[in-house]
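Throughout, protein chains are lettered first and strands after them, A, B, ... in sequence-line order, and every chain is numbered starting at 1. The figures that follow rest on heavy atoms only: side chains count, while hydrogens, waters and symmetry mates do not.
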Amino acid sequence: MKNIYEPVTAEIVKVERQSKDVLLFRLRSKGGVPFGTPKRGMHFTPGQFMLAGVWGYGEAPFGIASDPYETEYIELVVRRVGDVTGAMHLLEKGDTMTLRGPYGNGYPLEFFKGSDVILITGGSGIPPIASLIRYIIHNRKDFGMVHLVYGAKTSAGLLMKREISKWKRKIDVTLTVDGPECDWKGKCGFVSDCLTDIKVNPANTVVAMCGPGPMVDSIEQLVNPMGISDRKIFISMERRMQCGVGRCQHCVTGRKYVCTDGPVFNLDEIDRNWD
Amino acid sequence: MWCIKTSEKEKLLTALKGAYDFRDVSSSDLPPKKLFFPEREITFTHLVKDGSVTTPPPPRKFVLYGLSLRDLEAITCLDEIMSAPEKDYYYFRRRRRALLIGVTGEAFDVPPGGDIIISSIDADTSKLLSVTEKGERAIKKHLPRLKKSKSPQAVPVKNDTMPDLRNLLMDAELLKVAVEWSWHGYKKLWEKLSRECLGCGICTYVCPLCHCFAAEDSVALSGDEAVRCRRWDACTLPVFARLGGGEDMHPGLRERYYNWFYHKFVRGYLEFGRSECVACGRCQRDCPARIDIEAVLLDIVSAYSKSAQRRRRYR
């Protein structure tokens with residue numbers, strides 16, 4: 001019988017500081033075995049997550065930030081918030097982590113194809129969106145206009161800046177901060193404030209988001225009047241998780257398990273959840 | 001099916017005690033799930049020296065004796081829960097090594113689970129029923145000369161626990177609809193219960209079907225090894241749905257206590273087509289706040305039915 005809780009050991013091949021409390025880890029499976037079974041050349045679907053951990057500290061879920069077509073490694077972006085992430089921040093290149101996954105459904109790529117896409121995220125919600133952008137760029141002709149709106153409290157809180165500057169050649173990027181410094185050249189305010197500047201054809205537009213509840217609510221209030229229905233707004237949810245396979249009950253939201261039914265839901269699926 | 005005298009029953013039990021680890025759970029406060037899904041178990045041991053990861057060896061074959069019909073039903077249901085979407089490694093490696101023996105004074109038409117059921121008929125006679133091939137093999141091995149009885153005799157019926165809830169459970173769909181409705185339709189009940197409930201989690205620990213768990217790592221004082229454990233968790237406890245960053249999805253006792261009902265009667269129904277409850281009565285017996293769960297559910301269904309009638313009247 002397969003032990004579904006048994007992780008693989010992954011070696012850290014690169015650690016990159018993204019901000020004061022955020023590190024990006026590039027991980028390669030020890031022994032060179034790629035992660036996941038490839039489907040259409042992809043080792044995971046953008047939006048899927050991994051349970052990464054450190055022996056002695058535990059595991060936690062992380063959205064995968066790397067290119068789904070990349071077979072050699074995956075990248076996780078880790079903000080230091082608790083015991084597990086605190087332990088991860090002490091790791092260096094050459095150290096190991098435990099990994100399980102990929103888990104969850106990911107963004108519905110086939111549904112997105114042929115549409116204009118608005119990508120909205122804030123702070124450390126960038127990883128699954130980053131992976132989706134890499135997929136979109138890889139298949140750029142399958143998509144119409146693509147807009148990324150990414151916000152943070154300060155410019156120091158904006159992650160993956162080097163990648164974003166590369167993406168600017170392929171997609172429209174709007175960066176915004178709540179508290180701008182003197183030399184800030186982007187927009188000021190919440191991500192919702194920047195949406196009004198984007199002109200889209202609502203009949204052919206989908207929205208992909210990853211961010212906290214209040215951000216999602218405010219975006220819904222703005223996007224619905226534009227003619228984009230809840231069925232076309234996709235949100236990647238964050239929940240506490242212990243098992244990743246729909247058994248431990250920590251990640252439930254209403255009728256759904258975030259680990260197996262999600263983490264990506266259209267808003268219509270979760271809007272009427274009691275919690 | 002066999003009819004056996006007390007002496008033969010004793011002989012069977014003596015033989016089983018010799019062949020297996022024998023666990024008599026007839027007077028246990030905790031439900032039998034603890035034998036397959038212990039309160040805390042080590043799932044992995046990691047040695048720092050060589051980086052090796054091992055799982056502890058599985059237990060010896062054991063007999064679980066003295067299970068009530070409710071507990072047998074609960075184990076059948078928990079088997080299903082632990083199989084979806086993939087079999088739980090730690091649960092089933094224990095479950096496969098267990099011989100389940102139910103002991104009851106109640107009548108039943110269809111055995112609710114287990115491998116063998118012993119039903120007492122009178123002071124000296126019992127009915128021995130093999131439910132599975134595993135049970136039949138064990139009986140034939142340890143009582144080889146026993147002759148099958150053709151005409152099963154009547155078994156006296158004892159009082160059932162939570163009879164009203166038992167009736168309610170027959171209509172799991174109604175329970176599902178009523179509990180789901182109650183969050184908005186019967187708010188004052190959840191306000192009242194959130195004031196009464198202590199949020200201690202005892203109802204979940206004594207429930208034979210609750211299966212929430214948490215993973216917990218620890219490091220040996222020497223620093224040579226780390227162990228990963230899984231332990232029972234309870235959805236009524238404060239940090240159950242709290243994220244690493246501090247955001248809590250079920251911040252109040254009202255949400256957490258309702259979530260317990262929601263899982264049992266709404267999500268349970270949606271996932272498995274039945275309520276995740278067998279009316280064993282433990283949660284009611286052991287609740288330190290003396291919340292009568294049977295009365296709560298009867299109240300919810302009654303309020304829902306009245307509300308549905310009103311809605312029909314004004315339609």
If you count heavy-atom pairs under 4.5 Å with chain A, which of [options] comes out on top?
| options | answer |
| --- | --- |
| B:A241, B:C212, B:G246 | B:C212 |
| B:A226, B:A220, B:A214 | B:A214 |
| B:T43, B:D88, B:V239 | B:D88 |

Flag if over 12 foreign heavy atoms under 6.0 Å of [atom1], [X]:
| X | atom1 | answer |
| --- | --- | --- |
| A:K161 | NZ | yes |
| B:E39 | CD | yes |
| B:R40 | CZ | no |
| B:E133 | CD | no |
| A:K93 | NZ | no |
| A:N224 | CG | yes |
| A:K153 | NZ | no |

Can you name the nearest heavy-atom pair linking [X] to [Y], along with the distance?
| X | Y | answer |
| --- | --- | --- |
| A:Q242 | B:A215 | OE1-N, 2.5 Å |
| A:R240 | B:R242 | NH1-O, 3.1 Å |
| A:V54 | B:D217 | O-OD2, 3.5 Å |
| B:P85 | A:V245 | CD-O, 3.0 Å |

**Complete:** Sorted by chain and number, sequence neighbours left out, side-chain contact (heavy atoms from CB on, under 4.5 Å) with A:T253 holds for A:M237, A:R239, A:K256, A:V258, A:N273, A:D275
Proximity breakdown for [X] and chain A, heavy-atom pairs closer than 4.5 Å:
| X | result |
| --- | --- |
| B:Y90 | side chain |
| B:Y262 | side chain |
| B:R254 | neither |
| B:E271 | side chain |

[X] side, atom [atom1]; [Y] side, atom [atom2] - distance, nearest 0.5 Å:
| X | Y | atom1 | atom2 | result |
| --- | --- | --- | --- | --- |
| A:T98 | B:H46 | OG1 | NE2 | 9.5 Å |
| A:E238 | B:E247 | CD | CD | 7.0 Å |
| A:H250 | B:D233 | NE2 | CG | 4.0 Å |
| B:Y89 | A:K2 | OH | NZ | 13.0 Å |

**A:W274 and B:H250 aromatic ring geometry - parallel, tilted or perpendicular at 30°/60° bounds** = parallel
**Prompt:** Could you go step by step and tell me if A:V252 and B:H263 meet the side chain to side chain contact (heavy atoms under 4.5 Å, CB included) rule?
**Reply:** CA-CA 9 Å; A:V252 291; B:H263 180 200; over 6 Å; no
**Prompt:** Side chain, backbone, both or neither: which part of A:Y57 has an atom under 4.5 Å from a heavy atom of chain B?
**Reply:** backbone
Measure the shortest side-chain to side-chain distance between [X] and [Y] over non-hydrogen atoms and say whether it is less than 4.5 angstrom.
| X | Y | result |
| --- | --- | --- |
| B:F213 | A:Q249 | no |
| A:Y5 | B:R230 | yes |
| A:R247 | B:Y91 | no |

**Asked** Could B:E180 and A:R272 be called an ion pair, given the rule that one side-chain N must be under 4.0 Å from one carboxylate O?
**Response** no
